[in-house]
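Here the structure comes first, spelled out in structure tokens, and everything after it is commentary.
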Amino acid sequence: MTRVRVGRGIEVPPPYAVDEALRAATGWAGVFGREAPLVVEVGFGNGQFLADLARTRPEADFVGIELYGKGIVKLARRLDREQIPNVRIVKGDAIRVLAERFGPQEIREVHVNFPDPWPKTRHHKRRLVGPAFPAVLHSRLAPGGDVFLATDHEGYAMQMMEVFEAHPGFVGVAGPFRFIYHVPGRTPTKYERKFGALGHTIRHLHFRRSG
Ligand code: SAH
């Protein structure tokens with residue numbers, strides 16, 4: 001089968017790669033061939049969570065952003081094998097991709113599962129969910145749009161809470177400074193299963209664009 005290049009040495013079956021010229025000219029509706037709510041997962045890892053979400057919600061379109069080539073190939077194979085049509089994959093840094101490949105208010109929902117915690121203080125600046133993250137999400141999310149985050153790292157959970165609470169355009173859906181400890185019906189990600197099995201407390205956060 002023909003493959004499309006999404007990064008150096010990374011090739012996936014054609015429907016899952018994004019033709020950026022087409023996207024720039026016609027928007028995501030042109031890429032997917034329809035107008036549908038757009039959902040983004042950042043750092044999808046092996047992509048199982050994203051594939052499951054896309055399968056159970058055929059009325060929405062999904063874009064996965066990931067840096068890790070092996071994960072991209074895995075997700076593309078899974079989508080191809082399971083014949084899931086409503087997902088596209090973009091390789092790159094999440095903040096850049098969100099800023100450059102999406103228009104204002106274009107996204108309905110964003111998921112961030114178990115981003116790298118960078119536990120050492122001197123590495124905290126490498127964390128994906130710092131102050132710049134709510135800012136770029138706010139510009140890309142539609143009013144009323146949702147952000148879902150999950151982590152097993154207590155310090156990072158606190159940082160996520162602080163940066164979203166500090167942004168005036170988001171409200172915590174569970175209440176101010178409230179973590180969620182159980183999400184009914186959720187399919188755990190690979191890391192969620194791994195950390196759950198180790199007995200780690202998993203914290204979920206749910207914010208909504210309020211203004
Ligand atoms: N969500 C998956 C994987 C978590 S590990 C799970 O829960 O199982 C974190 C993932 O984020 C890794 O796959 C890593 O490659 C990706 N990642 C890290 N920084 C990123 C960035 N700036 N942009 C996009 N993806 C990133």
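All residue numbers refer to positions in the sequence shown, counting from 1. All ligand and atom numbering here is 1-based and tracks the order in the structure.
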How about N113 and E192: does a side-chain donor come under 3.5 Å of a side-chain acceptor?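 No donor-acceptor contact under 3.5 Å links the two side chains.
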Identify the closest protein heavy atom to [atom]: which residue and atom is it, and at what distance?
| atom | result |
| --- | --- |
| atom 6 (C) of ligand 1 | T189 OG1, 3.3 Å |
| atom 18 (C) of ligand 1 | D116 OD2, 3.2 Å |
| atom 15 (O) of ligand 1 | E66 OE2, 2.5 Å |
| atom 4 (C) of ligand 1 | F114 O, 3.2 Å |
| atom 11 (O) of ligand 1 | G43 CA, 3.5 Å |
| atom 22 (N) of ligand 1 | D93 OD1, 2.6 Å |

Does [X] reach ligand 1 with a nitrogen or oxygen that is under 3.5 Å from one of the ligand's nitrogen or oxygen atoms?
| X | answer |
| --- | --- |
| N113 | yes |
| L128 | no |
| A94 | yes |

Looking at R77 and D80, is there a salt bridge between them, counting it only when a charged N and a carboxylate O are closer than 4.0 Å?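 No salt bridge links D80 with R77.
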Taking only Lys NZ, Arg NE, NH1 and NH2, and the carboxylate oxygens of Asp or Glu, determine whether K74 and E66 approach each other closer than 4.0 Å.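 Looking at K74 and E66, the cut-off is not met.
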Close-contact set for ligand 1 against G92 heavy atoms, below 4.0 Å: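 Those of ligand 1 that fall under 4.0 Å from G92 are 23 (N), 24 (C).
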Determine, considering heavy atoms only, which of T151, V112, V42, L67 sits nearest to atom 20 (C) of ligand 1.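 Minimum heavy-atom distance to atom 20 (C) of ligand 1 goes to L67.
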What part of F44, side chain from CB on, backbone N/CA/C/O, both or neither, has a heavy atom under 4.0 Å from ligand 1?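 Looking at F44 and ligand 1, just backbone atoms fall under 4.0 Å.
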H138 and ring-ring contact (aromatic ring centres under 6.0 Å, His included): which single residue from F170, F164, F133 fits?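 Checked F170, F164, F133 against H138; only one passes ring-ring contact (aromatic ring centres under 6.0 Å, His included): F170.
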Within 45° of the axis and under 6.0 Å from the centre of the six-membered ring of F102, does NZ or CZ of R140 qualify?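 The answer is no, since R140 fails at least one limit relative to F102.
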Stacked cation flag K194 on Y191, 6.0 angstrom / 45 deg: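 Positive - K194 is close enough to the ring of Y191 and near enough to its axis.
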Would you check if the distance from the ring center of W118 to the ring center of Y156 is below 6.0 Å?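 No - the distance between ring centres of W118 and Y156 does not fall below the 6.0 Å cut-off.
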Crowded around E82 CD? As in, over 12 foreign heavy atoms under 6.0 Å?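 Yes - once you tally the heavy atoms of other residues, nucleotides and ligands closer than 6.0 Å, there are more than 12.
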